[in-house]
Amino acid sequence: MSKEWTCGQLRASDAGRKVTLKGWVNSRRDHGGVIFLDVRDRWGVTQTVFSPDHEDAFRVADTVRDEWVVAVRGTVRRRPAGTENPRMATGEIEVTASGIEVLAPSAVPPFEVSGGPEPEESVRLRYRYLDLRRRRMLHNIELRHRVVKYIRDYLSEREFLEVETPILVNSTPEGARDYLVPSRTSPGEFYALPQSPQQLKQLLMVAGIEKYFQIARCFRDEDLRADRQPEFTQLDLEMSFVSQEDVLELTEDLFTGLTEELTGKRVLAKPFPRITYEDSMNRYGNDKPDLRFGMEIADVSEVAATCGFKVFSDTIANGGTVRGLAAPGAASFTRRQIDELTSTAQEFGAKGLVWIAVESPQDSETGYRSPVARFFEREELDSIAHALGARQGDLMLLVADRKPVVLDVLGRLRNHLGALLELADPGVVAYAFIVQPPLFEWNEEEGRWDATHHPFTAPLPGEEELLRTDPGSVRAEAYDLVANGYELGSGSIRIHRREVQAEVFRLMNYSDEEIEQRFGHLLRAFQYGAPPHGGIAPGIDRLVMLLADEPNIREVIPFPKNQAGEDLMLGAPAPVDERQLRELHIQLLPAAKERTASARPQ
RNA sequence: GGAACCGUGGUGUAGUGGCCUAACAUACGUCCCUGUCAAGGACGAGAUCGCGGGUUCGAAUCCCGUCGGUUCCGCCA
């Protein structure tokens with residue numbers, strides 16, 4: 001069986017052609033003496049017409065229902081004048097049917113595939129194969145294909161090799177929780193699914209591949225979010241003999257090209273802004289700023305220190321900070337809206353939220369409106385407004401606390417307001433690189449330094465000396481690619497000097513045994529001539545989600561898992577029978593045994 | 001691990017203490033209809049309101065618990 005024609009290709013110029021269309025019945029309209037069947041396939045929808053002239057076909061068409069699979073034989077003709085449908089690509093023509101074959105009837109679907117209300121997501125997931133018939137899902141699958149193909153073509157042209165790395169690897173205790181796979185042949189031992197091909201791609205650099213990429217599936221056993229799935233796909237890439245700038249430029253060119261060529265979206269700025277981690281935290285309150293709008297955070301501690309408002313001056317006196325931002329046009333917010341903002345800020349961790357509406361700065365009497373206005377001199381308010389870049393009609397919002405709390409709250413508030421005030425142009429992708437993050441963060445519980453990125457990330461050139469004196473101030477030669485408030489991926493230049501690597505491990509408080517056990521294979525490899533190398537690993541799912549304007553990552557994954565990590569269609573995860581467990585040398589704990597007893601497979 | 005919101009015919013919603021013997025749209029079934037494309041018209045079937053307990057003369061509606069779903073925090077590069 002083959003398909004000569006698709007349901008999206010026939011045009012007026014095909015009039016007179018005898019064709020057979022195969023596909024699903026998208027909609028059936030029965031007028032008694034004439035029946036229309038819209039036949040749908042991946043490529044489109046074509047209207048077919050049945051009249052009693054062909055009695056056999058007409059009788060069959062009478063029994064056919066939505067979502068049945070049919071083959072319709074007939075002749076293409078221009079639609080009668082006045083009945084063309086400009087909303088359909090094939091709307092100029094129709095196929096007058098002389099025959100129809102039902103290839104497969106369909107049970108009544110649990111929800112309407114074309115048109116109808118949006119079903120609840122659990123229903124969509126349970127019947128994902130029907131959900132995927134919908135145009136929105138097809139569009140996302142197609143876009144995803146084109147994105148991946150663009151990446152493959154782009155990198156192949158630049159002499160990158162796509163190399164597959166194993167899915168069954170070993171567990172790396174730091175970072176995310178691993179998915180484990182018990183070994184049958186090595187009792188008591190486990191494989192882990194890769195959180196990313198990080199170490200393997202570095203080994204490929206030692207192997208002399210020089211330019212590697214992979215569309216790699218990664219696994220992390222952590223709790224899910226709208227933009228997180230337990231298994232996800234990364235563009236993993238690594239290059240030898242490169243500087244950070246080489247990696248960033250390649251990434252920039254690739255992402256600009258695919259955004260502009262595959263979507264109608266505009267890239268806000270190229271080259272992508274390079275913002276230091278510290279800058280990003282200070283100006284946007286997080287390390288993945290949405291740059292589609294401004295509304296930057298500003299420091300007003302200087303004014304706050306000497307003002308008459310005790311909450312502010314005390315905070316400064318106690319080593320805290322006072323910062324804020326100006327919400328454009330929000331001076332007109334009602335009391336109720338401002339109260340909501342305050343409680344939102346409190347949910348984010350603020351003790352309170354001070355608001356000052358900028359009414360008319362020219363008027364010295366009533367320039368500002370605020371419950372705390374009386375505690376401030378006019379010049380102080382002017383100076384705050386100046387620092388925040390506030391203009392008439394804006395609402396200034398100030399938070400006083402310890403610096404990390406203030407920045408976190410204002411960062412979240414900024415995103416909240418960005419959405420509330422619709423500040424972001426949905427037609428824009430604002431890519432940026434966040435660079436020079438700290439190499440380490442102090443682990444309070446364990447009393448040691450943790451690698452912020454991973455232990456092979458190189459310190460910023462010139463800061464190696466600080467490893468000995470002030471590890472917390474060492475910055476990494478690492479970078480995050482962000483877009484529209486999402487972290488799309490991160491990467492770094494890797495350490496290739498043994499003494500630097502040893503110093504890093506020392507700071508992380510690893511014993512020689514631990515180093516050998518966890519990283520022995522990599523360090524051994526590095527003894528045999530490791531080239532300087534670095535790379536990046538952007539997430540494909542998040543990228544496609546962004547480009548497709550989808551609110552969550554599941555919309556661009558054909559068979560995603562729900563928040564509990566379950567596949568509602570397959571029913572995974574599921575209990576396995578006792579024999580399988582025995583082969584794997586696994587025994588369930590009593591609680592697990594009890595839980596699965598009722599759901600044992602046959 | 002925690003918080004918030006949601007759960008009413010197949011699907012999506014309304015109803016938030018008595019007017020509910022549960023409404024509307026769509027899907028579904030039967031019939032009518034020769035130009036629709038969200039076809040139209042008539043008729044019909046379909047929900048003990050996620051489940052359990054409680055408050056009340058009376059519960060879809062209030063309370064408690066539980067299950068399921070989503071979002072967020074913790075967690076996660």
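In the text below, chain A, chain B and the rest are named by the order of the sequence lines, each starting its count at 1. Just so it is clear, the model here is predicted, and its values are computed rather than measured. As a basis for the values below, the full set of heavy atoms in this structure was taken, side chains included, without hydrogen atoms, waters or symmetry mates.
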Suppose you measure atom P in B:C24 against the same atom in B:A14; what distance do you get, rounded to whole Å? 16 Å

Expressed as a whole number of angstroms, how long is the span from A:Asp62:CG to B:U30:C1'? 12 Å

Between A:Arg65 and B:A27, is there a side-chain N or O to OP1/OP2 distance below 4.0 Å? no

By nearest atom, which of the nucleotides B:G12, B:C72, B:U30 is closest to the A:Gln563 side chain? B:C72

Heavy-atom contacts, protein to nucleotides 31-39 of chain B, under 4.0 Å, summarised as B (base), S (sugar-phosphate only) or - (none) per nt, yield --BBBBBSB

Nearest-angstrom distance, C1' atom, B:A38 to B:A25: 12 Å

Considering only heavy atoms and no angle criterion, is a donor-acceptor pair shorter than 3.5 Å present between the side chain of A:Glu112 and the base of B:G12? no

Distance-only donor-acceptor test (3.5 Å): side chain A:Arg225, base B:G74: yes

Ring geometry between A:His454 and A:Phe456 (parallel below 30°, tilted from 30 to 60°, perpendicular above 60°): tilted

Expressed as a whole number of angstroms, how long is the span from A:Glu118:CD to B:G7:C1'? 17 Å

So that I can tick it off, tell me whether A:Arg336 and A:Asp339 are bridged by a salt bridge, with the cut-off set at under 4.0 angstrom between side-chain N and carboxylate O. no

Expressed as a whole number of angstroms, how long is the span from A:Leu235:CG to B:A77:C1'? 15 Å

Check the distance between B:A77's P and A:Leu224's CG and give it to me in whole angstrom. 14 Å

Using the side-chain hydrogen bond (donor to acceptor under 3.5 Å, both in side chains) criterion, which residues pair with A:Asp221? Sequence neighbours excluded. none

If we take the C1' atom in both B:G18 and B:U56, what is their distance in whole Å? 12 Å

Going by modelled atom types, is there a donor-acceptor pair between the base of B:C76 and the side chain of A:Arg228 at under 3.5 Å? yes

The complete set of ring pair (Phe, Tyr, Trp, His ring centres under 6.0 Å) pairs with one or both residues in residues 34-69 of chain A, sequence neighbours excluded, reads A:His31-A:Phe36

What distance, rounded to whole Å, do you find between the two P atoms, one in B:C49 and one in B:U8? 11 Å

Taking a pair to mean Watson-Crick or G-U wobble geometry with both distances below 3.5 Å, B:C43 pairs with B:G29

Rounded interatomic separation in angstrom, taking OH from A:Tyr486 and P from B:A77: 19 Å

Looking at residues at least two apart in the chain, or sitting in another chain, which of them share a side-chain contact (heavy atoms from CB on, under 4.5 Å) with A:Asp450? A:Glu441, A:Asn443, A:Arg448

I'd like the P distance from B:C31 over to B:C20, given in whole Å. 34 Å

Sugar-phosphate, base or nothing in reach of A:Ser196, heavy atoms under 4.0 Å: nothing

What distance, rounded to whole Å, do you find between the two P atoms, one in B:U26 and one in B:G65? 41 Å

Can you tell me how far C1' in B:U11 sits from the matching atom in B:G2, rounded to whole Å? 33 Å

Base, sugar-phosphate or nothing for A:Arg412? Non-hydrogen atoms, less than 4.0 Å. sugar-phosphate

Please assess A:Asp541 against A:Arg144 for the test salt bridge (charged side-chain N to carboxylate O under 4.0 Å, His left out), listing each intermediate value before the final yes or no. CA-CA 8 Å; A:Asp541 315 275; A:Arg144 187 172 179 132; 2.9 Å; yes

Salt bridge check: are A:Arg28 and A:Glu67 linked by an N-O gap of less than 4.0 Å? no

May I have the distance from A:His416 (atom NE2) to B:C73 (atom P), rounded to whole angstrom? 14 Å

If pairing requires Watson-Crick or G-U wobble contacts with both distances under 3.5 Å, which nucleotide is the partner of B:C37? none

Which residues pass the side-chain contact (heavy atoms from CB on, under 4.5 Å) test with A:Arg87, not counting sequence neighbours? A:Asn85

Touch check for A:His454, heavy atoms < 4.0 angstrom, all strands: base, sugar-phosphate only, or nothing? nothing

To the nearest angstrom, the CD-P distance between A:Glu347 and B:G2 comes to 19 Å

By side-chain contact (heavy atoms from CB on, under 4.5 Å) - contacts of A:Pro119 (at least two apart): A:Phe111, A:Val123, A:Arg124, A:Arg134

Base paired to B:U70 (Watson-Crick or G-U; both N/O distances under 3.5 angstrom): B:A4

State yes or no: are the ring centers of A:Phe272 and A:Phe433 separated by less than 6.0 Å? yes

Residue matched to B:A23 through Watson-Crick or wobble contacts both under 3.5 angstrom: B:U13

In whole Å, what is the span from the CG atom of A:Asn562 to the C1' atom of B:C6? 15 Å

Quick one: label A:Glu121 by what it contacts on the DNA or RNA (base, sugar-phosphate, nothing), any heavy atom closer than 4.0 Å. sugar-phosphate

How far, in whole Å, is B:C63 from B:U55 if one measures between their P atoms? 15 Å

Quick one: label A:Gly175 by what it contacts on the DNA or RNA (base, sugar-phosphate, nothing), any heavy atom closer than 4.0 Å. sugar-phosphate

Pairing nucleotide - B:G65, Watson-Crick or G-U, each distance under 3.5 Å: B:C51

